[in-house]
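Counting from 1, the numbers follow the sequence of the chain as shown.
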Amino acid sequence: MNLTERQKKILTTFVLTVITVISSIPLLSRTLLWGADLEFHLFRIEGIAQGLRDGQFPVLMQTVQVGGVWLSSFCDVW
């Protein structure tokens, strides 16, 4: 199969567009996709936000209450 340069560009553009659309489907859904550690990261974000609201900068240790239990972890973002 002998393709011209124009046909190669069209084919490349089409393939990249299809790959982009397929890989973006999870981002376009209305629900959050739960992974193995999504809950952990959400709690970290919540803890950092709470520390910033309390006037702590940088947030070195975060605490979050989950189901009546306080969880603590060190924040290594900084």
Inset, instruction - Please collect all salt bridge (Lys or Arg N to Asp or Glu O under 4.0 Å) contacts where either partner lies in residues 4-24, sequence neighbours excluded, each pair once. - result: Glu5-Lys8

Inset, instruction - Identify the heavy atoms of Thr17 and Thr13 that sit nearest to each other, and give their distance. - result: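 Minimum heavy-atom contact is OG1-O, 2.7 Å.
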
Inset, instruction - Please name the residue in the list Thr4, Leu11, Ile10 that meets the side-chain contact (heavy atoms from CB on, under 4.5 Å) test with Gln7. - result: Thr4

Legend entry - Cluster link Phe57 to Ile48, ILVMFWY, side chain under 4.5 Å: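 In one cluster with Phe57: Ile48, yes.
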
